[in-house]
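See structure below.
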Number of protein chains: 2
Amino acid sequence: MPDVELPFTRLEYADRLGRVRAAMDARGIEVLVAADPSNMSWLTGYDGWSFYTPQAVLVTGAGEPWWWGRRMDANGARRTVHMDDSRILDYSDDHVMSTERHAFGQLAGLLCDMGHGSARVGVELDNYYYSAAAHQHLVAGLPDADVVDATALVNWQRGVKSEQELVYMRRGARIVERMHARIREVIEPGMRKCDLVAEIYATGISGTGDFGGDYPAFVPILATGADASAPHLTWDDKPLLSGEGTFFEIAGAHRRYQLPLCRTVFLGEPPSDMRRAEKAVLEGLDAGLDAARAGNRACDVARAFFSTMERAGFHKEGRCGYPIGISYPPDWGERTISFRETDETVLEPGMTFHFMPGLWMDTWGLEITESLVITADGPGEPLADVERGIVVKA
Amino acid sequence: MPDVELPFTRLEYADRLGRVRAAMDARGIEVLVAADPSNMSWLTGYDGWSFYTPQAVLVTGAGEPWWWGRRMDANGARRTVHMDDSRILDYSDDHVMSTERHAFGQLAGLLCDMGHGSARVGVELDNYYYSAAAHQHLVAGLPDADVVDATALVNWQRGVKSEQELVYMRRGARIVERMHARIREVIEPGMRKCDLVAEIYATGISGTGDFGGDYPAFVPILATGADASAPHLTWDDKPLLSGEGTFFEIAGAHRRYQLPLCRTVFLGEPPSDMRRAEKAVLEGLDAGLDAARAGNRACDVARAFFSTMERAGFHKEGRCGYPIGISYPPDWGERTISFRETDETVLEPGMTFHFMPGLWMDTWGLEITESLVITADGPGEPLADVERGIVVKA
């Protein structure tokens, strides 16, 4: 058995497991099947790009969690998880891309063998890596069980970060600072977008001399000019032009912890309405950070931001932030709290958010954001240090 | 409405739609809900990193397909799809990360409004981007419909590539050739893995002077030494050491078309058993390529490869290849045919595969692969031109 270099202490994993078990108990869930790769990693340390085939972590009433997945990835589990090899379960390769047998049917059989055939089983119904077919096969194989929705049960336990998690997020912050510095350094009219993205990737993955970068859970988004109204189109190989603004939605990542930060660059002189929006967003950010205090609610941050924008004549609604932490593609949010006017979740010290106001207008877009941690007292603390204003380059 | 620069002619999209409709007719499916981003893109041209929220393409009995997704991404659809704006449907932002309303419930209402409330509706039950919850909300909103499994119905129509698709894949091949050339150039003992991955990304995204690179559907995998037995662990920031081999599982990508190609590098002198395996794999590749002829079956390729390996004393089973083409994370396979001994699918000219024999031993791994196109006559044609043998660097 290889030596496993865990990213967290065993004590921390035990604490996490305890939190999850308490949440399970509160809902009468006896067995939890967590297929979200972020939840799997947070609970066990498992880290691999293997979520394109079925896999999950099982939490039962006692003992360590179980890792379950494809046989070849069980080797990856042995090298990354904190549990003993005996807690690693697998299925054979003839379940992969097969129309005859489904891995989640095999898991149902395993759960029956383990004595959980008539348990109350929680599953993450609304997750990328738990398909409708996975659910049907699991349910069909557990005819006497009560299979209930436990979407985000683990995610909610991830909200308050430990000291060590904050260490990794601060490393992500150092990395994203370098990525933005590199953009400022190399961007110029005529540069192809793909060449700029190549620079962003190289800087983010290489990291610093002290620690390397990991892959972000989202590709770099850099929308230019009128394309900014379509905030999720990816890059092409066309040159950047003078007289256009581009926002950069990027993240630094370290040991799967994500630190998103957006800035906007204008090649030439920004139009006056964009400058007016910049002023409003900067004020809104300050107002929101000031409201992001322990004891306040998520909606207080949203209201502070939106009311500032409203006073400046920009009507915006929706949400302007979400929690961040460990994550795998396709999303770096924790999918629990939202900075939105209807979310009354109380903020606690150690929670981390991407405070993410975006203005997507018809002919330009403006994204200036901060990733922050809620402190014991005082306003939200930005984790990265990158000048906020529009970067102007000729 | 912005000018849309389509990657394919309207005629080609019409042909694809015709193929999908024929497959729907054959199974009595009146409405298809395709949530796989690759299928969405192949049918409509839509291209955005927006699959982390619900979206789908709808194909009904007549007329153009419909794009459906989040309101802010409808702007992205207007800029990328071949259909008229009237075929773009959206849902409001309060469906996003909400526990109160699910976007697929809204879609069910739209389908009822369109007169499909009692139709036979095909869904992709086993897909990353169609969750168990999505299915439950769609079915609950269509109480009179017959919702059936249509997983991979579109994928199967994507198998034979058009001339223009092959143009994009050959561009991906030019890119992956450069990526491997760059690896040979810079790899050396002491280099941190993250710095090597930074080079791989930069080269792949930058592409060539004539065309840029796109993001691959899989992160670069580079497993070293004993870690090769765990084929899906990602990189770290540790230095590469003399006396160790590393395989590189990477792809060039252009306009979402993926061209994977794996090679193995050894720093120092490879051990004799690895050399013996190399010889077997090279022979097996030749035997497989020779069997990859139009009219032969997928299993013929697998048998040609595995029997060559067996004769050389390497017992391997499972699959050694899969179809490739347009793809989004987390997987670059088409999830239809497998080069495996039980797959009797007949190969047709224009089909493209990643012929992917991997040997993952206890203390080393060897991956030497080819992406190929089935030709009208003659053996499978490798799309990229990269020397196959183990790269030895001191």
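All values below were derived from every heavy atom in this structure, side-chain atoms included, with hydrogens, water molecules and symmetry-related copies excluded. Letters go in sequence order (proteins before strands), and every chain restarts at 1.
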Identify, with sequence neighbours excluded, every residue that meets side chain to side chain contact (heavy atoms under 4.5 Å, CB included) alongside A:Ala133. A:His102, A:Ser131, A:His137, B:Leu125, B:Asp126
Salt bridge (charged side-chain N to carboxylate O under 4.0 Å, His left out) partners of residues 228-240 of chain A, not counting sequence neighbours, each pair once: A:Lys238-B:Glu5
Pick from B:Ser338, B:Ala132, B:Ala198 with the largest number of heavy-atom pairs that fall under 4.5 Å of chain A: B:Ala132
I want to know whether B:Tyr328 and B:Trp49 have ring centres closer than 6.0 Å. no
Name the option with the most non-hydrogen atom pairs under 4.5 Å to chain A; the candidates are B:Ile200, B:Thr208, B:Thr336, B:Val123. B:Thr208
Between B:Ala217 and chain A, which part of the residue has a heavy atom less than 4.5 Å away: side chain, backbone, both or neither? backbone
Could you tell me whether a side-chain N or O of A:Arg319 sits under 3.5 Å from a main-chain N or O of A:Glu341, the two making a donor and an acceptor? no
Please determine, among B:Thr151, B:Val219, B:Asp73, B:Val197, the option with the most heavy-atom pairs under 4.5 Å with chain A. B:Val219
Quick one: what part of B:Asp343 sits under 4.5 Å from any heavy atom of chain A, side chain, backbone, both or neither? neither
State whether the side chain of B:Trp235 and the backbone N or O of B:Pro220 hold a donor-acceptor pair below 3.5 Å, judged by distance alone. no
Tell me, for A:Ala226 versus chain B, whether the close heavy atoms (under 4.5 Å) come from the side chain, the backbone, both or neither. both
Aromatic centroids of B:Phe353 and B:Phe339 separated by under 6.0 Å: yes
So which part of B:Thr80 gets closer than 4.5 Å to some heavy atom of chain A, the side chain, the backbone, both or neither? side chain
For B:Glu124, is it the side chain, the backbone, both or neither that has a heavy atom under 4.5 Å from a heavy atom of chain A? neither
Quick one: does any side-chain atom of A:Lys316 pair with a main-chain N or O of A:Gly358 as donor and acceptor, under 3.5 Å? yes
Residue part contacting chain A, namely of B:Trp360, when any heavy atom lies under 4.5 Å: side chain
Please answer whether the main-chain N or O of B:Pro239 pairs with a side-chain N or O of B:Lys193 as donor and acceptor at a distance below 3.5 Å. no
What part of B:Asp195 gets within 4.5 angstrom of chain A, counting heavy atoms only: side chain, backbone, both, or neither? both
What residue, out of B:Asp331, B:Thr203, B:Leu196, B:Asp93, has the most heavy-atom pairs lying under 4.5 Å from chain A? B:Asp331
At a heavy-atom distance under 4.5 Å, which candidate from B:Ala202, B:Ser92, B:Ala74 has the highest pair count against chain A? B:Ala202
B:His232 and B:Phe218 aromatic ring geometry - parallel, tilted or perpendicular at 30°/60° bounds: tilted
Check whether A:Asp149 gets within reach of chain B through its side chain, its backbone, both or neither, counting any heavy atom under 4.5 Å. neither
Check whether A:Ser41 reaches the backbone of A:Asp47 with its side chain - one donor and one acceptor, N or O, closer than 3.5 Å. no
For chain A, find which of B:Arg335, B:Arg255, B:Met72, B:His135 contributes the most heavy-atom pairs closer than 4.5 angstrom. B:Met72
What part of A:Gln136 is in contact with chain B, defined as an atom under 4.5 angstrom from a non-hydrogen atom: side chain, backbone, both or neither? side chain
Honestly, the part of B:Ala77 sitting under 4.5 Å from a heavy atom of chain A is neither
